[in-house]
Amino acid sequence: MDFVVSLLVGMVMQTTSLLLESRQLIGLAAAVLAAILAAQLGWHGTDRLIAWRGRPDEE
(Lines give C-alpha, C1' and ligand atoms only; values in the text may rest on other atoms or scores of the structure.)
Protein backbone atom coordinates (compact mmCIF):
# COMPACT_ATOMS: atom_id res chain seq x y z
CA MET A 1 0.00 0.00 0.00
CA ASP A 2 2.85 2.38 0.80
CA PHE A 3 4.35 1.69 -2.60
CA VAL A 4 1.13 2.66 -4.40
CA VAL A 5 0.79 5.88 -2.40
CA SER A 6 4.40 6.85 -3.01
CA LEU A 7 3.97 6.07 -6.72
CA LEU A 8 0.86 8.27 -6.94
CA VAL A 9 2.54 11.12 -5.04
CA GLY A 10 5.55 10.87 -7.34
CA MET A 11 3.35 11.01 -10.42
CA VAL A 12 1.49 14.06 -9.11
CA MET A 13 4.75 15.85 -8.33
CA GLN A 14 6.18 15.10 -11.79
CA THR A 15 3.00 16.27 -13.49
CA THR A 16 2.98 19.48 -11.46
CA SER A 17 6.60 20.27 -12.26
CA LEU A 18 6.03 19.51 -15.95
CA LEU A 19 3.05 21.86 -16.10
CA LEU A 20 4.99 24.62 -14.34
CA GLU A 21 7.88 24.29 -16.77
CA SER A 22 5.66 24.15 -19.85
CA ARG A 23 3.69 27.22 -18.79
CA GLN A 24 6.33 29.50 -20.33
CA LEU A 25 6.18 27.66 -23.65
CA ILE A 26 2.40 27.80 -23.67
CA GLY A 27 2.56 31.56 -23.03
CA LEU A 28 5.07 32.03 -25.84
CA ALA A 29 2.92 30.03 -28.26
CA ALA A 30 -0.16 32.05 -27.28
CA ALA A 31 1.75 35.32 -27.82
CA VAL A 32 2.92 34.23 -31.27
CA LEU A 33 -0.61 33.19 -32.22
CA ALA A 34 -2.03 36.50 -30.98
CA ALA A 35 0.57 38.43 -32.99
CA ILE A 36 -0.25 36.47 -36.14
CA LEU A 37 -3.98 37.05 -35.70
CA ALA A 38 -3.46 40.76 -35.04
CA ALA A 39 -1.29 41.09 -38.15
CA GLN A 40 -3.88 39.27 -40.26
CA LEU A 41 -6.68 41.46 -38.91
CA GLY A 42 -4.64 44.61 -39.52
CA TRP A 43 -3.82 43.56 -43.07
CA HIS A 44 -7.44 42.70 -43.83
CA GLY A 45 -8.71 45.92 -42.24
CA THR A 46 -6.22 48.03 -44.18
CA ASP A 47 -7.22 46.36 -47.45
CA ARG A 48 -10.88 47.08 -46.77
CA LEU A 49 -10.14 50.70 -45.86
CA ILE A 50 -8.11 51.25 -49.02
CA ALA A 51 -10.80 49.63 -51.15
CA TRP A 52 -13.49 51.76 -49.50
CA ARG A 53 -11.50 54.99 -49.94
CA GLY A 54 -10.68 54.12 -53.56
CA ARG A 55 -14.31 53.84 -54.66
CA PRO A 56 -15.67 56.69 -56.71
CA ASP A 57 -18.43 58.61 -55.01
CA GLU A 58 -21.83 57.43 -56.13
CA GLU A 59 -24.21 60.34 -55.97
task = Tell me, please, which residues at least two apart from Leu49 pass side chain to side chain contact (heavy atoms under 4.5 Å, CB included).
result = Trp52, Arg53
query = Who passes side chain to side chain contact (heavy atoms under 4.5 Å, CB included) against Val4, sequence neighbours left out?
reply = Leu8
query = How would you list all residue pairs meeting side chain to side chain donor-acceptor pair (under 3.5 Å) that involve residues 10-28, not counting sequence neighbours?
reply = none
task = Answer yes if Leu19 and Met11 sit in the same cluster of Ile, Leu, Val, Met, Phe, Trp and Tyr residues linked by side chain heavy atoms under 4.5 Å apart, and no otherwise.
result = no
ask   = Which residue pairs pass the side chain to side chain donor-acceptor pair (under 3.5 Å) test when at least one of the two sits in residues 33-49, sequence neighbours left out?
value = Trp43-Asp47, His44-Arg48
ask   = Other than Ile26, what residues sit in its cluster of Ile, Leu, Val, Met, Phe, Trp and Tyr side chains whose heavy atoms are under 4.5 Å apart, directly or through others?
value = none
ask   = Which ILVMFWY residues can you reach from Leu37 by hopping between side chains whose heavy atoms are under 4.5 Å apart?
value = Leu33
